[in-house]
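Below: one structure, written as structure tokens.
Just so we're on the same page: letters track the sequence lines, and every chain starts at 1. Keep in mind that this is a model prediction, so the values were computed, not measured.
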Amino acid sequence: MNMNIESYPKMEEEILSYWEKNKIFEKSVEKRKNNKKFVFLEGPPTANGLPHPGHVLTRTVKDVVLRYKTMKGYYIERRAGWDTHGLPVEIEVEKMLGLKNKQEVEKYGIEKFNEACKESVFRYEEAWKEMTRRVGFWIDMENPYITLDNKYIESVWWSLKEAWKKGLLYRGYKVTPYCPRCGTTLSSHEVAQGYKEVEDPSIFVKFKVKGKDEYFLAWTTTPWTLISNVALAVHPDEWYLKIEYEGEKLILAEERIAVLLKGKEYVEIDRYRGKELEGIEYEPLYKFVIPDKKCWYVITADFVTMDEGTGIVHIAPAFGEEDYEAGLKYDLPIIQLVDLEGKFKREVAPWAGKFVKDADSEIIEDLKRRGLLVSKQTYKHQYPFCWRCDSPLLYYAIESWFIGMSKLKKELVKNNEKINWYPAYIKHGRFGEFIKEARDWALSRKRYWGTPLPIWICKKCKKEICIGSIEELKEKAVNFPEKLDLHRPYVDRIILKCDCGGEMERVEEVIDAWYDSGAAFFAQWHYPFENEEKFWQNFPADFICEAIDQTRGWFYSLLAVSTLIFDDAPYKNVLTLGLILDEKGQKMSKKARNYVEPNEIFAKYGADALRWYLISSSPPWQPKRFYEKVVKEALSKFLLTLWNVYSFYETYASLDKFDYEKNFVEIDKRELIDKWLISKLNSLIKEVEEKMEKYEIHKAARLIEEFVINDLSNWYIRNSRKRFWVEEESIEKMAGYSTLYEIILNISKLIAPFVPFIAERIYLDITNNESVHLCDYPKYNEELIDKELEEKMEKVRKIVEEARAIRAKKGIKLRYPLKEIIIVGEKLEEFEDIIKDEINVKNVIFAENEERFMEKVAKPNYSKLGKKFKEKTKEVAKIIESTPIDELIGKEIYGMEIEEEDFIIELKEKEGYAVGKIDEYILALNIVQTPELLREGFAREIVRRIQEMRKELNLEMEEKIKVEISIDKNRLGEWEDYVKRETRSEEIAYKENPEGDYIKEWKIGDEKIRIGIKRIMI
RNA sequence: GGGCCCGUAGCUUAGCCUGGUUGGAGCGCUCGGCUGAUAACCGAGAGGUCCGGAGUUCAAAUCUCCGCGGGCCCA
């Protein structure tokens, strides 16, 4: 069968239908049903967008590992999953429906909106299924877990109640980026999209120390937050000075004075460590409300920097995350005087109803009038804007539900210790650092499409309960519906009865979709309501694999949920993958249009080529540049070479009707090179296994590639071809076929996890079995590994290379045979034939020393001779060069004796030899071309040209021809028969003007020769 | 702004952990060769600031620090 770039994808399609028709995937799983389990947990993708090259990578790598483990005998259930909830889905749908903000969503109706979300999630399901099928990822997509199922949600609810029971699900505030116009918080991903450089006011403000005529000097770029100020923060370990400056007493950081008052005059009055200032009270700038807790005093905080401002930071817990946390630490009140539209509330009399940012200038004016403003400038910095409506975002304390992960830091760290990370540095690096500092998980979203937070509050007594199952909901519900859907708005309509007799209503929030997917390891089994045994069999998972951006995503949410509920690690091995970049190393994005469509690649070069590139190019965790050319290269370099090896075997073996069962030759009776290749194969199997166990799949792949291209194709086949050309039956030929058959069979199995299509094609072609994917992975046989043989062959290859280099230097074409090569060094007699063939010499001679082709020559030592012989030096030099060495010392010239130091002994190639060195070997090629040798070379020139003409005529290999050549008969001499045999010529005629079906004039050396060939019809 | 990863020939990369002759390969390029399995192969050549700088050391691609560039995550 012929295979090229065009036909390769077609071959894959055929294999795909073969697999489907014969249910090979199902059989491959079923077959290992009673074996040891290997548990894989699929990270659920969201199907509300088309798959891109990154998804192809994850699916490929997962597939490689799973196919490998399957062939190693493990039973692996491969259940697909879909992640279906979350803000990205809502935003997609908002865009589609043309809704601009939450108000419009609610006007449109939550019921209809969520319906649209549900539909949108599966809009691209077909595209995903097709990509998955086409790339050859074997996973059960018929029976996936889906995060929107009632059962799945119920399991999530159960876990939330577990957290609730432990007191780890609580209500608090979280400062989040908030768009006042859209009325929603934004996820960090959205915020990151909208940073712009802007100019904001930069003001220095005085805060009067209570009861003293001194002021703290603070700096801010958001004057409107001063309304909600509750404290001033200093760094505990920095020095602060009280100074007199322009008649006023000011307190600020020493380091900042040096910058701010550079060159100005001031008097130092006193100095303090930051922590000494702690607790000092000051008078607030504004007092629109009476706070319910103690405030307006100095606190200390490590986040205060000496990089900008005064070293004193104004604290408004309502509007900054660090502020909020400092507020928690010091139990400060939250003064929230801004409404959800970003406008000041009624209490802020002068600016009520005004958008906060617009009030900045008036507030500054007010402070100036009251003499509290020290300086006013503008300040350029990055500030986030809403990517949708472009209004400036506000950091805003929003009431939110939390999971107290910060209390579980130790457990997180402990459980992380049980996990093997690939690459290992993530474990204590990016991931380890992150969990060490774990913060409470802001779980709730004031949104619509998500798992509803199962908390109900009594309207009468304000009691809160957490519901942990449908059963519990049913028990307590006043109006349990007949048809249950746990999503909003249906679940919101369920009223529960409180112990106090009052009615309970659900809170409005849904939960973060990351919690959904983080619960996959038990929620997919509907644990603990069903499948208890199944769950424990599958916990913890042996293997998960996703891109590196999931470190703080799914990798974290899984560990977090598992630590929270089970106090254990949910997975044992995690393989992280690098991102896919474009040709220039930039991230792929739809915006930049640097996007390669996976489908185009599949259609053009096929999935194997894409898979092989992704796997073999670099370690899995390294970012990968991805573009058409590299895929094409993987195909032509590796896959087509492999195919051609197979096709070579297939061509000759079928010509000879080779049957492995019948014609099998014992290994002992095979040629040396056969044994060598078998040894190499077994070494390869051993190394591949070692690499795969360490998830170094790129190294395994490279080893295989090296073997196929280098050892199998470029060495073994090249050297064995002649054996197969012989038409008569021979044991050597059958030994070769036996070897090739075994090698190809094993290679098809070895590559099956990596490039499953070509592996299957080859396997099906050479066996009568059902599928390579039902086979066990090859095991190596230590007895067949002969390291000594492998090393010797390595030396032979080096010798051959060097000999060819010598020929090239001397300009003697490989086609022209030479008499002999002399090799000084360890004897490699058993490889004589290979060496003869490869460098086209008649004899290989292993010698003890180089005497045979090297001679010692004396070179005049001019610096000595010059002094001794003056103007006669040149003459003496000539004499020295022409006198045999042993006669030199003591020889008298012009009355003086030649001494040892008058000449230098050098080694020189003897006439007719060309010499080279490689490692511990010295090689000498006899380069004397006798007429006989030249005739033979000439015969090969003729053969080569007739062959090319046969090719151009598209002749079958068996077809016979007649040849006419414009040379004298004795130019070929004794080689005429050889030419006939090689070119399948019945007859050679020597004519000045050759005739035939095809006549061509050739140049051989300086000579023009015409050749005509004629088919012989049978 | 912080954490982590990466930077070696035009491209893809080995070597770095554990410092030690002349930094190795493949693709591409030039020249030459081989070829009835091959879109393949073989030989020679051109092509390197091992991202830059400093330090440690007898010795640095390799270890340390500081920069620069790219990526990811978090602000």
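Of the nucleotides present, rC29(B) is the one that pairs with rG45(B) by Watson-Crick or G-U wobble criteria, both distances under 3.5 Å. Pairing for rC4(B) goes to rG71(B), judged as Watson-Crick or G-U wobble with the two contacts each under 3.5 Å. Across all strands shown, rA37(B) forms no Watson-Crick or G-U wobble pair with both distances under 3.5 Å. In this entry rU22(B) has no Watson-Crick or G-U wobble partner, no candidate having both defining distances under 3.5 Å. The nucleotide rC63(B) finds its pairing partner in rG55(B), both defining distances of the Watson-Crick or G-U wobble pair being shorter than 3.5 Å.
The separation between I548(A) atom CD1 and rC6(B) atom P is 11 Å, rounded to whole Å. As a whole-Å value, the separation of L635(A) CG from rU12(B) P is 20 Å. Per the geometry, CZ belonging to F707(A) stands 22 Å off P belonging to rA25(B), to the nearest Å. Atoms CG (L639(A)) and P (rA40(B)) sit 14 Å apart, rounded to a whole Å. Atom C1' of nucleotide rC41(B) and atom CD of E838(A) are separated by 10 Å, given to the nearest angstrom. A straight line from CG of L814(A) to C1' of rG43(B) spans 10 Å, rounded to a whole angstrom. One can place NZ of K436(A) at 14 Å from C1' of rG2(B), the figure rounded to the nearest angstrom. A straight line from CD of E801(A) to C1' of rC34(B) spans 15 Å, rounded to a whole angstrom.
Side chain to side chain, E628(A) and Y605(A) meet the donor-acceptor criterion of an N or O pair below 3.5 Å.
A close approach under 4.0 Å does occur between a side-chain nitrogen or oxygen of R815(A) and OP1 or OP2 of rU35(B). Considering only side-chain N and O atoms, S618(A) lies under 4.0 angstrom from the phosphate OP1 or OP2 of rU13(B). For the OP1/OP2 pair of rC42(B) and a distance below 4.0 Å, the side-chain nitrogens and oxygens of R718(A) include no atom meeting the criterion. The phosphate of rC4(B) has neither OP1 nor OP2 within less than 4.0 Å of any side-chain N or O from Y425(A). Taking 4.0 angstrom as the limit, R940(A) places a side-chain polar atom (N or O) nearer than this to OP1 or OP2 of rU35(B).
Looking at R718(A) and E838(A), a side-chain N of the basic residue comes within less than 4.0 Å of a carboxylate O on the acidic one, giving a salt bridge. Under the 4.0 Å criterion applied to side-chain N and carboxylate O atoms, R1015(A) and E959(A) are assigned as salt-bridge partners. The pair D674(A)-R723(A) meets the salt-bridge criterion, since a charged nitrogen lies less than 4.0 angstrom from a carboxylate oxygen. Remark: R797(A) engages D711(A) in a salt bridge, criterion side-chain N to carboxylate O under 4.0 Å. Using a cutoff of 4.0 Å between basic side-chain nitrogens and carboxylate oxygens, E687(A) and R702(A) are not scored as salt-bridged.
Distance check on atom C1': rA9(B) versus rA46(B) gives 11 Å, rounded to whole Å. Taking the C1' atom of each, rG19(B) and rU64(B) are spaced 13 Å apart, rounded to whole Å. Comparing rA60(B) with rC16(B), their C1' atoms sit 11 Å apart, to the nearest whole Å. Taking atom C1' in both rC17(B) and rC66(B), the straight-line distance is 23 Å, to the nearest Å. Rounded to whole Å, the P atom of rU62(B) lies 14 Å from the corresponding atom of rG55(B). The P atoms of rU56(B) and rA14(B) are separated by 31 Å, rounded to the nearest whole Å. Distance check on atom C1': rC68(B) versus rC51(B) gives 7 Å, rounded to whole Å. Distance noted for atom C1' between rC50(B) and rA25(B): 15 Å (whole Å).
Using a 4.0 Å heavy-atom distance criterion, S617(A) is classed as a sugar-phosphate-only contact. Residue-level contact check: S713(A) touches the bases, meaning some heavy atom is under 4.0 Å from a base atom. Contact annotation for K637(A): backbone-only contact, meaning every heavy-atom pair under 4.0 Å involves sugar-phosphate atoms and none involves a base. Nucleic acid contact class of R944(A) (heavy atoms, under 4.0 Å, all strands): base. Nucleic acid contact for F431(A): none, since no nucleic acid atom lies under 4.0 Å from a heavy atom of the residue. Using a 4.0 Å heavy-atom cutoff across all strands shown, E982(A) reaches no nucleic acid atom at all.
Under the 6.0 Å cut-off for aromatic ring centres, Y652(A) and Y737(A) do not qualify, their centroids lying 6.0 Å or more apart.
Ring geometry for F658(A) against Y649(A) counts as perpendicular: the plane angle is over 60°, on a 0 to 90° scale with 30° as the lower cut.
Checked against rA37(B), rG3(B), rC73(B), the side chain of R552(A) finds its nearest nucleotide in rC73(B). With distances taken from any side-chain atom of V645(A) to the nucleotides rU35(B), rA37(B), rU12(B), the minimum falls on rA37(B). You'll find that the side chain of D549(A) is closest to rC72(B), out of rC6(B), rG3(B), rC72(B). Closest approach to the S647(A) side chain among rG3(B), rG43(B), rA37(B) is made by rA37(B) (side chain taken as heavy atoms from C-beta onward). Side-chain atoms of N714(A) lie closest to rC42(B) of the nucleotides rC72(B), rC42(B), rC34(B). Distances were taken from every side-chain heavy atom of E633(A) (C-beta onward) to each of rC27(B), rU38(B), rG43(B); the shortest belongs to rC27(B).
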Test side-chain hydrogen bond (donor to acceptor under 3.5 Å, both in side chains) applied to Y8(A) and D608(A), step by step: CA-CA 9 Å; Y8(A) 201 102; D608(A) 276 349; 2.7 Å; yes
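Between the side chain of R430(A) and the base of rC5(B), no donor-acceptor pair of N or O atoms lies under 3.5 Å. One cannot find a donor-acceptor pair under 3.5 Å joining the base of rU12(B) and the side-chain atoms of R625(A). No donor-acceptor contact under 3.5 Å links the side chain of S636(A) to the base of rA40(B).
Between N710(A) and P619(A), the residue anchored nearer the 5' end of RNA chain B, judged by the nucleotide with its closest heavy atom, is P619(A). The residue among H698(A) and I709(A) whose nearest nucleotide of RNA chain B is located toward the 5' end is H698(A).
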